[in-house]
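Keep in mind that the numbers below use all heavy atoms, side chains included, and drop hydrogens, waters and symmetry copies.
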Amino acid sequence: MTRWAILRTSGGQTLPLMRSLRDAGFDVWSPARPIRRALKAKTPTGTRLIDTEVPILPTFLFASEADLPKLGDIVEDLTSGRGCLHPGFSIFHYGGRIPIVGDAEVRGLREEEERTIAVLQAMRDAESHAEAEKIRIAAMQTETARRRATKELERAQRLALRATRRPFKPGTLIEVAEMDAMVGVAGVVEASDGVHAWVRFGSCSWKIEGWRVSPSDSTTSAALGLAA
């Protein structure tokens, strides 16, 4: 299973950077959506269709964790002005560290990329423009229904999680899920009633819903400056 770090670049350089780094042997990926664009041309219709790609997540790329040392060297060259053959980029940091995500966390993006590729191929294979348009409209309707169902499922799962009591012993080192401000930050439980946990992050204490809290992978709070 590949573990991924996140690279950031400008929106217009997302896919050029991916191709440039791939050509250099790096394992990088950014989800892309194939589209058809109409350009003015000297044809009976006055236009010409071309197939191209646009990024699903502009400015974001995923890079194999194993490539981080070499990518760090490239970033250093870019920031020092020594020049580089690749478009400019940075390695995403949060809370003083480089967040790492697994394959499971990007599975939805891969599936969306595969769906859009399949739809465009079906449109290419259509026997007429009318048939291709039907395929496009059906895909849009299916995608809308899928997103609605996904939101309803996420809402039901969240309600179920909120109904679950999760008591923690004081002193437990924890991490917080689905709170952007707390990504990658460990805290220490001061008190817990199962529904909520009172957690200390450095010198500040927060009251957090218990379902958001899980034991940290870290083995010591002292290493993070959180010792009681």
> Okay, side chain of S192, backbone of F168: is any donor-acceptor separation there less than 3.5 Å?
Replying inline: yes
>> Applying side chain to side chain contact (heavy atoms under 4.5 Å, CB included) to L85 and I74, what does each step give before you reach the verdict?
In response: CA-CA 9 Å; L85 297 176; I74 294 175; over 6 Å; no
>> Between E53 and R19, is the salt bridge (charged side-chain N to carboxylate O under 4.0 Å, His left out) condition met? List the steps.
In response: CA-CA 12 Å; E53 289 184 318; R19 299 183 188 109; 3.4 Å; yes
>> Using only atom types and a distance under 3.5 Å, with no angle test, would you say the side chain of S80 pairs donor to acceptor with the backbone of E76?
In response: yes
> Are F201 and W206 side-chain neighbours, meaning at least one heavy-atom pair lies under 4.5 Å?
Replying inline: yes
> Between T14 and L57, which heavy-atom pair has the shortest distance, and what is it?
Replying inline: CG2-O, 4.1 Å
>> With heavy-atom distances below 4.5 Å as the criterion, would you say the side chains of V195 and W211 are in contact?
In response: no
> If only atom types and distance count, is the side chain of H196 paired as donor or acceptor with the main-chain N or O of G194 below 3.5 Å?
Replying inline: no
>> Looking at every non-hydrogen atom in both residues, tell me the closest pair between R22 and W29 and how far apart they are.
In response: NH2-CD1, 3.7 Å
> Nearest heavy-atom pair of A24 and H86: which atoms, and what distance?
Replying inline: CB-CE1, 3.7 Å
>> For L68 versus A5, what's the shortest heavy-atom pair and its separation?
In response: CD2-CB, 3.7 Å
>> Please determine whether a side-chain nitrogen of the Lys or Arg among E113 and R110 lies less than 4.0 Å from a carboxylate oxygen of the Asp or Glu.
In response: no
> Would you say F62 and V101 make side-chain contact, with heavy atoms under 4.5 Å?
Replying inline: yes
>> The test is side chain to side chain contact (heavy atoms under 4.5 Å, CB included); show your working for L15 and V54 and say whether it passes.
In response: CA-CA 8 Å; L15 299 184; V54 295; 5.7 Å; no
> Does V75 share a hydrophobic cluster with I98, counting links as ILVMFWY side-chain heavy atoms below 4.5 Å and allowing steps through other members?
Replying inline: yes
> Same cluster for I100 and I91 if Ile/Leu/Val/Met/Phe/Trp/Tyr side chains link at under 4.5 Å?
Replying inline: yes
> With a 4.0 Å cut-off, would you call K207 and E190 a salt bridge?
Replying inline: no
>> Check whether F60 forms a cation-pi arrangement with R8 (NZ or CZ under 6.0 Å from the six-membered ring centre, at most 45° off the ring normal).
In response: yes
> Under the side chain to side chain contact (heavy atoms under 4.5 Å, CB included) test, which residues partner S64, sequence neighbours left out?
Replying inline: T2, D27, A66, D67
> How long is the span from the CG atom in L17 to the CG atom in L61, to the nearest 0.5 Å?
Replying inline: 5.0 Å
>> Is a donor from one side chain sitting under 3.5 angstrom from an acceptor on the other, for W4 and D103?
In response: yes
> Is there side-chain contact between V199 and V188, with at least one heavy-atom pair below 4.5 Å?
Replying inline: no
> Would a distance-only check, ignoring hydrogens and angles, find a side-chain to backbone donor-acceptor pair under 3.5 Å from T59 to S10?
Replying inline: no
> Roughly how far, to the nearest 0.5 Å, is OG of S30 from CD1 of I6?
Replying inline: 11.0 Å
>> Rounded to the nearest 0.5 Å, what separates atom CG in L21 from atom CZ in F26?
In response: 6.5 Å
> Is there a side-chain contact between V176 and I208, using heavy atoms and a 4.5 Å cut-off?
Replying inline: yes
>> Testing the basics here: between V213 and A197, what is the closest heavy-atom pair and its distance to 0.1 Å?
In response: CG2-CB, 4.3 Å
>> Could you report the tightest heavy-atom contact between L78 and P87, atom names first, then the distance?
In response: CD1-O, 4.4 Å
